[in-house]
Amino acid sequence: MIYFDNASTTKIFKDVAEFMCVYSQENFYNPSGIYSKSIKVFSDLENAKNKLREYLGADDFQVVFTASATEANNIALSSFAQKNKKILIGGGEHSSIYETAQHLKQQGFDVDFVHLTTEGKVDVDDLTNKLNDSVGFVSIMHVNNETGAVNDIANIAKIIKNKTKNAIFHCDGVQAFCKINTNLKHLGVDAYTVSSHKVHGPRGVGALVFRKELPIKTFIFGGGQEQNIRSGTENVAGIMAFLMAVEKMQKNLKSNFEHAKILKARLLQNLGDINFVLNGNQENDSPYIVSLSFKTKGEVLLHMLEEEEIFVSTGSSCNSKHKGNRVLTEMGKDKTSTDGNIRVSFCENNTEEEVDIFCKVLKEKLDKIKGLNIWKK
Ligand code: PLP
């Protein structure tokens with residue numbers, strides 16, 4: 001089996017899964033309890049927050065653990081977006097930002113979207129033109145989950161701070177965290193979102209990390225857990241396991257990155273003699289995500305590859321129920337490219353041999369369908 005869909009989710013590390021199992025058996029106590037066993041679990045939770053702050057270079061930030069990055073993004077928008085101020089959203093955001101912004105728009109919020117360049121980055125000129133003192137909130141992702149395009153967040157933060165008085169800048173860092181530098185001080189963001197299952201941690205854990213002075217709102221009402229922002233008994237075993245996965249990933253961040261670069265270069269070199277479009281930029285994008293388009297339907301290719309136990313996706317998994325591809329369309333790609341898109345996404349466990357097999361199989365499949373009515377001329 002070759003698994004090239006790591007931007008969608010990663011396999012949990014075996015020792016992390018084992019640790020989570022043991023922790024939930026031995027430390028099942030409710031962190032809100034007032035006896036010593038509970039107090040120990042509560043202090044584990046606090047330590048996990050401190051560790052996350054440390055990994056993000058965010059010592060003066062507040063951490064709220066959530067059940068997903070989707071939830072963290074929803075909390076960010078519903079807390080920081082104000083009705084009397086303009087909201088600017090990157091044109092290629094994940095649906096957890098995009099759909100929430102659309103919802104706010106329907107509720108009467110003033111929402112505008114920043115265009116993408118043909119390479120899939122936020123168009124900094126368009127952003128600059130749209131920024132003024134009426135803007136109260138900006139959300140722009142760090143690494144695009146469909147194309148791997150990397151936005152220069154440090155530069156964007158500077159522009160936002162120069163052009164607006166008090167706009168809050170949130171960044172969705174799900175595809176960046178543990179893969180590239182995500183030091184929040186260096187990036188200059190006010191709030192940042194991360195997800196556990198993209199970095200070999202368990203499903204069902206995310207976090208919103210934000211400057212302490214920001215006006216956060218209660219998102220889920222109840223017993224007041226997580227600083228009264230999202231009530232519900234905390235998933236401490238999952239959170240502890242997430243931090244264990246993060247620790248492992250951070251240790252190898254540089255070597256993993258170099259490995260992903262080798263895989264991506266090999267993939268593009270192997271495919272060099274066939275007709276495909278690379279959606280993005282080979283040099284500057286994240287090496288973990290490669291978006292390719294062929295002259296057939298991406299879905300057809302996906303299933304042909306699946307027959308050989310090779311797993312990729314068509315764009316983002318979260319969008320698989322929607323028709324078309326919003327991000328590629330925003331980049332100005334034609335219908336052939338948007339229909340014929342597959343996303344290959346690596347993790348550090350993938351090998352060069354797997355890349356070679358993938359390319360060989362893909363070429364055979366493409367040869368098979370050339371000339372059929374599913375092949376576009
Ligand atoms: N943001 C980005 C950029 C993503 O890629 C994803 C998942 O694909 C999410 C947010 C949502 O993450 P989660 O599955 O933890 O809700």
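All ligand and atom numbering here is 1-based and tracks the order in the structure. Computation of the quantities below employed the complete heavy-atom set of this structure, encompassing side-chain atoms and omitting hydrogens, waters and symmetry-equivalent molecules. Counting begins at 1 with the first residue of the sequence.
For D172 and S139, the side-chain atoms include no donor-acceptor pair closer than 3.5 Å. No hydrogens or angles considered: a donor-acceptor pair under 3.5 Å links the side chains of H200 and E348.
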> So I369 and K365, side-chain contact (heavy atoms from CB on, under 4.5 Å) or not? Walk me through it.
Replying inline: CA-CA 7 Å; I369 55 176; K365 299 292 180 191; 6.0 Å; no
> How far apart are the C-alpha atoms of F4 and F311, what are their side-chain angles, what is the distance that settles it, and do they pass the ring pair (Phe, Tyr, Trp, His ring centres under 6.0 Å) test?
Replying inline: CA-CA 6 Å; F4 281 169; F311 299 98; over 10 Å; no
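Ligand 1 places these atoms under 4.0 Å from at least one heavy atom of S68: 15 (O), 16 (O). The ligand atoms of ligand 1 that sit less than 4.0 angstrom from a heavy atom of M141 are 3 (C).
Ligand 1 has at least one atom lying under 4.0 Å from a heavy atom of H197. Contact between K198 and ligand 1 is present, with at least one heavy atom of the residue lying under 4.0 Å from the ligand.
Annotation: V143 places no N or O atom under 3.5 Å from an N or O atom of ligand 1; distance criterion only. For ligand 1, the polar-atom distance check against S96 finds no nitrogen or oxygen pair separated by under 3.5 Å.
In E71, neither the side chain nor the backbone holds a heavy atom less than 4.0 Å from any atom of ligand 1. By the criterion of a heavy-atom distance under 4.0 Å, both the backbone and the side chain of T70 are placed next to ligand 1.
Within the cation-pi definition used here (under 6.0 Å to the ring centroid, within 45° of the axis), K248 qualifies as a partner of F13.
The distance between the ring centers of F177 and Y192 does not fall below 6.0 angstrom.
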